[in-house]
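Below is one structure, written out as structure tokens; the observations come after it.
For ligands, and for the atoms within them, numbers begin at 1 and follow the listed sequence.
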Amino acid sequence: MSPTEKTAVPVLTIDGPSGAGKGTISRAVAEALGWHLLDSGALYRAVGYAAGMAGIDLSDAAAVTRCAETTKIVFRAPKDGGETRVIVNGHDATDEIRTETAGAAASAIAAIPAVRAALFDLQRAFRKAPGLVADGRDMGTVVFTDAPHKIFLTASADERARRRYKQLKAKGLAVKLSSLLSEIEARDQRDAARKVAPLKPAVGALIVDTTGMPVEDVVARVLAVVRY
Ligand code: DC
């Protein structure tokens, strides 16, 4: 470890494909450690949502970039400890940004380099004592390259589709398992093939394949990386 890494606020990066359980695991690990949490995917989803609301064509890179630069995104943790709300330009968009359509829009705009640049400082600002768990695609490779702890969480495509299916069903959304599988595969393909910050394990990341693993075991495995 370099001297800066020793003194800097610690970060645990958790990257991986859609539906690998990053959200669930990141939340549980952040809570166990008493660290802050960054759901970077929610930022891309929020920009995609704001662009849609403004009638912006998602292939218009300049307009989407302006939108990324000006959209106000606030995470608000409810006092009762329920799901963190995502407020986009003053509107609670928590439910709207969670659909697969919003995920696909996020993935499309996330391939625009200037959009990623616009969100860079905002993401870095989440690094506060006593520590940060950062969930995304490029947390360990681009945003927090000096993070002392890096995880790449994955699972088979079938299992990831099943998990996403359960999650969306629980939210009362109408979904089909077969279409979810193809949407997830298409999204991963786009996230991994893009030129900027493609989805891939960071150098030195521990790759955890969670296929068939209960959530508690994954949490314990990840916590062990930070604690020992
Ligand atoms: O994690 P998620 O499913 O909420 O992310 C939605 C999309 O946002 C994902 O398909 C790609 C993009 N994304 C990204 O490019 N970089 C990140 N750090 C997080 C998400």
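Under the side-chain contact (heavy atoms from CB on, under 4.5 Å) criterion, Glu96 pairs with Tyr49, His91, Ala93, sequence neighbours left out.
A salt bridge links Asp191 with Arg137; the closest basic N to acidic carboxylate O contact falls under 4.0 Å. The existence of a salt bridge linking Glu183 and Arg164 is excluded, since no basic side-chain nitrogen approaches an acidic carboxylate oxygen closer than 4.0 Å. Look at Arg98 and Asp39 and you find a salt bridge, because one of the NZ, NE, NH1 or NH2 atoms lies within 4.0 Å of a carboxylate O, short of that distance. Under the 4.0 Å criterion applied to side-chain N and carboxylate O atoms, Glu216 and Arg221 are not assigned as salt-bridge partners.
Within the 3.5 Å criterion, the main-chain N or O of Ala20 finds a donor-acceptor partner in the side chain of Arg163.
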Just the distances, no angles: every ligand 1 N or O to protein N or O pair closer than 3.5 Å, one line each.
| from | atom 1 | to | atom 2 | distance (Å) |
| --- | --- | --- | --- | --- |
| ligand 1 | 1 (O) | Arg137 | NH1 | 2.8 |
| ligand 1 | 1 (O) | Arg137 | NH2 | 3.4 |
| ligand 1 | 3 (O) | Arg45 | NH2 | 3.0 |
| ligand 1 | 3 (O) | Arg137 | NH2 | 3.2 |
| ligand 1 | 3 (O) | Arg187 | NH1 | 3.1 |
| ligand 1 | 4 (O) | Arg45 | NE | 2.6 |
| ligand 1 | 4 (O) | Arg45 | NH2 | 3.4 |
| ligand 1 | 10 (O) | Arg187 | NH1 | 2.8 |
| ligand 1 | 10 (O) | Asp191 | OD2 | 2.7 |
| ligand 1 | 15 (O) | Arg116 | NH1 | 2.8 |
| ligand 1 | 15 (O) | Arg116 | NH2 | 3.4 |
| ligand 1 | 15 (O) | Arg194 | NH1 | 2.8 |
| ligand 1 | 15 (O) | Arg194 | NH2 | 2.9 |
| ligand 1 | 16 (N) | Arg116 | NH2 | 3.0 |
| ligand 1 | 18 (N) | Ser40 | OG | 3.0 |
| ligand 1 | 18 (N) | Arg137 | N | 3.1 |
| ligand 1 | 18 (N) | Asp138 | OD1 | 2.8 |

